[in-house]
Amino acid sequence: MDIDTIGDWLRTNDCGSLRKDDIGRLVVLMGWVHRRRDLGRLIFIDLRDRYGLTQIVFDEDYDAASKVKAAVLRSEWVIAVKGEVAPRLAGQENPELPTGDIEVKVKELKILNEAEIPPFQVDGKIDASENLRLRYRYLELRRPALLNNLVMRHRIALTIRNFFNGQGFLEVETPVLTKSTPEGARDYLVPSRVSKGSFYALPQSPQLFKQLLMMAGFNRYFQIVKCFRDEDLRADRQPEFTQVDVEMSFADEQKVMDIVEAMMVDLFKTVLGIEIPRPFPVLEYTEAMGSYGSDKPDIRFAMELVDCSDLFASSAYKAFSSAIEQGGLVKAIRVEGGATFSRKELDSLDSIVADFGAQGLVWAKVRSDGWQSTLAKHLSPDTRAGLEKRLGAGEGDLVIFVADKAQQAHEALGSLRIEMGKRLGLLDNSTYSFVWVVRFPLLEYSHEEGRFMAVHHPFTAPLEEDVALLEERPEAVRARSYDLVLNGAEIGGGSVRIHTLELQNRIFRALGLDEQEVQEKFGFFLEALSYGTPPHAGIALGFDRLVAIMVGTESIRDVIAFPKTQRATCAVTDAPSKVGIDQLAELGLTLIKP
RNA sequence: GGGGACGUAGUUCAGUUCUGGUUAGAACGCCGGCCUGUCACGCCGGAGGUCGCGGGUUCGAGUCCCGUCGUCCCCGCCA
């Protein structure tokens, strides 16, 4: 096959732009053969580019030479055509296409490139396996669904930049080759050639640098920035991901929350044309856990967790009363109309509860003649009536109980709440419910590490009224933190930062960090704190998750051009890969045999 | 680190358990032919399989057993 050169041809239009008004014009289009329909002496081709589809016609009576040449064209070949914009025959318009009123009658065809038969049909309706789609990502990206996600991603980023620019924020780039610090996720390390035996780390977030920018007096900073965490992947977690990083001087939690709310309202209005009401609701961490069983509650529906511990305290049902005796509690959700779930459907809930280490669940179907439940024979009519009243349960409803230590009970019941919400179709993806979850615990005891760890990060300020507890009851100290949650997904988290050397040192001590290690890892930062640091606060938003929710997809892979697989490999390039011994030697590295 | 699902034609899947048994099927795609108004074109014909890989059981394995690799989901982990 001879490949033509593009020569002096200039594209006059893209494949999505021609309309009735263009009829009669001589145009040059270039693009990919999306689909061909060979009718013998007449060939139709849908020509595709990023902007759309245009039907082009090769007609023996119109131009015999190009019609003959066109017979060899196949899917995904790249062609250029010169031709005349013509109206479709009456009644042959295609209302599905923006260009459907016209077609281009080809006078001259250039074949710019041929293509192998694609491993999956680019024009196909059926999804290929994730495997194949990732390996041939450049083909998958030709499909409008994925392309549109990336177009949206671009528009979202642009809108966010415009918003922060308008509010006087400065976008500043921070280093990608930086310092490994303790706390937080596992770092990706980069060996230094110049300083053999030393390593850079890729940033888990630009946290310290943005605080340094506050110390530098930049006042309002933001950055749309890649971050890296070497942890296991999930549908909503990639080893490299993008944050909208924000920091403000002389600000408190309210100021940051106000700016972020305004940004979100502007974003949803501009990009989706949706009005989001302000202010966003605010829940304290303890409320979120108690009422929704989650620190990222999906408040698109109610079905709140209800404490029934007192009603079971002296119950004959041992599994419940003993859980309470051991300091636990019994909580329940009322699933409206849930009595129609089958035995099998309800049995499938057990595995969800087991995932959270909870002991199990008990369900009860409320019927006119009493409860259908393993619990039924252990309950007095009074207790049953009391439960029904508290839960607001009536005939046809389902009640699910979980008894355990507070955390397990909350998490297990919280996940059951989401599952029931799904099964009842209560998770409406056209609704966007924001909620702030504030005042997380500052510290959490890690049995693995044998010490307290920062829940957010070690630069988060404690609530002033709780500071005194720092040494005696560290677990009781609440943080000046705020997470932003959208439809049950954590899309951002931030805090008021510590801005005095004294308090920062106290926190490091509470974290049980060795003085020398603190100096080694954070010495530069502590020194900076001592040169006149303004009070400051900030937030980081998970950009990929935000985009995923806005385009309505479950997996952030669908909004990333070249995502990693679950084993953190790149299916296109096959990274990570082995390197030569010379390359290692240059870095002063040798490999330990596995 | 742990649990689970999946892996069969280029692709998406059926067949796989209960019950191992002649030539492993369908749709789309692909190749050839016919076709002047299609737009998921249509019609006729055809090619295409290491049933992920390795081992085992068996007279006989896509099917049963063990291991392994890959993809995905979840728990742990992710300040």
Side-chain angles (χ1 to χ4, degrees), chain A residues 34-47 53-62 67 74-76 86 88-97 99-100 103 105 116-136 139 181-187 203-205 207-208 227-239 241 351-358 411-412 415 419 440-444 446-449 452-460 479 481 490 493-495 507 511 540 542 554-555 557 564-567 569 571:
Chain A
H34 187 64
R35 203 176 273 138
R36 84 193 152 100
R37 293 176 292 278
D38 185 343
L39 275 65
R41 293 169 66 194
L42 192 64
I43 299 174
F44 295 99
I45 281 179
D46 291 331
L47 192 65
L53 291 176
T54 298
Q55 172 164 289
I56 60 178
V57 196
F58 296 90
D59 187 339
E60 217 161 79
D61 297 339
Y62 188 76
K67 151 64 186 66
R74 291 295 181 270
S75 289
E76 301 308 311
R88 298 271 183 110
L89 296 188
Q92 299 282 345
E93 299 86 0
N94 186 345
E96 310 266 308
L97 290 178
T99 60
E103 60 193 11
K105 303 179 81 158
E116 293 293 324
I117 297 162
F120 55 85
Q121 287 162 250
V122 173
D123 68 326
K125 297 268 188 283
I126 327 166
D127 260 355
S129 69
E130 189 96 26
N131 204 350
L132 219 57
R133 293 164 52 201
L134 289 177
R135 170 129 182 258
Y136 297 97
L139 297 181
T181 53
E183 300 290 296
R186 201 175 291 117
D187 284 321
Q204 297 175 27
S205 87
Q207 183 62 34
L208 292 171
C227 301
F228 307 86
R229 291 176 192 174
D230 187 4
E231 297 293 347
D232 289 339
L233 282 73
R234 289 283 192 282
D236 63 352
R237 267 171 24 197
Q238 284 271 307
F241 60 99
S351 63
I352 297 175
V353 177
D355 277 347
F356 290 90
E411 288 180 3
S415 67
E419 178 63 24
F440 276 61
L442 184 72
L443 305 166
E444 187 176 46
S446 162
H447 292 282
E448 204 174 314
E449 297 276 327
F452 279 93
M453 311 264 288
V455 168
H456 191 51
H457 57 56
F459 316 104
T460 299
S481 70
E490 183 200 331
S495 61
I507 296 290
L511 289 170
E554 295 287 321
S555 169
R557 284 190 299 270
K564 299 283 189 287
T565 69
Q566 204 182 31
R567 283 183 58 254
T569 63

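What you see below is based on every heavy atom in this structure, not just the backbone, and it leaves out hydrogens, waters and symmetry mates. Letters go in sequence order (proteins before strands), and every chain restarts at 1.
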Measuring only the [atom1] atom in each nucleotide, how far is [N] from [M]? A whole number of Å is fine.
| N | M | atom1 | answer |
| --- | --- | --- | --- |
| C18(B) | G56(B) | P | 22 Å |
| G49(B) | C44(B) | P | 25 Å |
| C51(B) | G3(B) | C1' | 27 Å |
| A5(B) | U22(B) | P | 29 Å |
| U63(B) | A24(B) | P | 15 Å |
| G42(B) | C28(B) | C1' | 16 Å |
| G54(B) | C72(B) | P | 24 Å |
| C78(B) | C39(B) | C1' | 49 Å |

Using Watson-Crick or G-U wobble geometry with both distances below 3.5 Å, tell me the partner of [N], or none.
| N | result |
| --- | --- |
| C35(B) | none |
| C13(B) | G25(B) |
| C18(B) | none |
| U71(B) | A5(B) |
| G60(B) | none |
| G76(B) | none |

Inspect the contact between Asp46(A) and Arg37(A) and indicate whether a charged nitrogen and a carboxylate oxygen are less than 4.0 angstrom apart.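 Yes, charged N to carboxylate O under 4.0 Å.
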Between Arg186(A) and Glu231(A), is there a salt bridge with N-O shorter than 4.0 Å?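 Salt bridge present between Glu231(A) and Arg186(A).
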So [X], base contact, sugar-phosphate only, or nothing? Heavy-atom distance under 4.0 Å.
| X | answer |
| --- | --- |
| Leu39(A) | base |
| Glu130(A) | sugar-phosphate |
| Arg133(A) | nothing |
| Leu132(A) | sugar-phosphate |
| Arg88(A) | base |
| Asp230(A) | nothing |
| Val57(A) | nothing |
| Thr460(A) | nothing |

Less than 4.0 angstrom between a side-chain N/O of [X] and OP1 or OP2 of [N], yes or no?
| X | N | value |
| --- | --- | --- |
| Arg35(A) | C41(B) | yes |
| Gln204(A) | C78(B) | no |
| Ser129(A) | U71(B) | no |
| Arg237(A) | C73(B) | no |
| Thr99(A) | C39(B) | no |
| Arg36(A) | C39(B) | no |

Nearest to the side chain of [X], heavy atoms from C-beta on, is which of [options]?
| X | options | value |
| --- | --- | --- |
| Arg37(A) | C41(B), C78(B), C73(B) | C41(B) |
| Arg557(A) | G29(B), U38(B), C72(B) | C72(B) |
| Thr565(A) | U71(B), C30(B), U38(B) | U71(B) |
| Thr569(A) | G37(B), C28(B), U71(B) | U71(B) |

Separation of Leu134(A) atom CG from C72(B) atom C1', in whole Å?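 Spelled out: CG on Leu134(A) to C1' on C72(B) is 10 Å.
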How close or far is atom P of C77(B) from atom CD of Gln566(A), stated in whole angstroms?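 In whole Å, C77(B) P and Gln566(A) CD are 17 Å from each other.
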For Phe120(A) and for Ser75(A), locate the closest nucleotide of RNA chain B by heavy-atom distance; then report the residue assigned to the nucleotide nearer the 5' terminus.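 Result of the comparison: Phe120(A).
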Mapping Glu411(A) and Gln207(A) to their closest nucleotides on RNA chain B, which lands nearer the 5' end?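 Result of the comparison: Glu411(A).
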Side chain proximity check, [X] to [Y], heavy atoms < 4.5 angstrom:
| X | Y | value |
| --- | --- | --- |
| Leu42(A) | Phe58(A) | no |
| Leu233(A) | Pro239(A) | yes |
| Gln55(A) | Thr99(A) | no |

Any donor-acceptor pair under 3.5 Å joining the side chain of [X] to the base of [N]?
| X | N | value |
| --- | --- | --- |
| Gln92(A) | U38(B) | no |
| Asp232(A) | C78(B) | no |
| Arg234(A) | G76(B) | yes |
| Glu103(A) | G37(B) | yes |

Looking only at atom types and distance, does a side-chain atom of Thr569(A) sit under 3.5 Å from a main-chain N or O of Ala571(A), one as donor and one as acceptor?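 No: the side chain of Thr569(A) does not pair with the backbone of Ala571(A).
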Is there a donor-acceptor pair closer than 3.5 Å between any side-chain N or O of Gln238(A) and the backbone N or O of Arg557(A)?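 Between the backbone of Arg557(A) and the side chain of Gln238(A) there is no qualifying donor-acceptor contact (under 3.5 Å).
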Establish, from distance only, whether the side-chain atoms of Ser481(A) and Ser495(A) form a donor-acceptor pair under 3.5 Å.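 No, no side-chain donor-acceptor contact under 3.5 Å.
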Under the 5.5 Å and 30° test, is Phe44(A) stacked on the base of U38(B)?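 Whether judged by distance or by angle, Phe44(A) passes, so it stacks on the base of U38(B).
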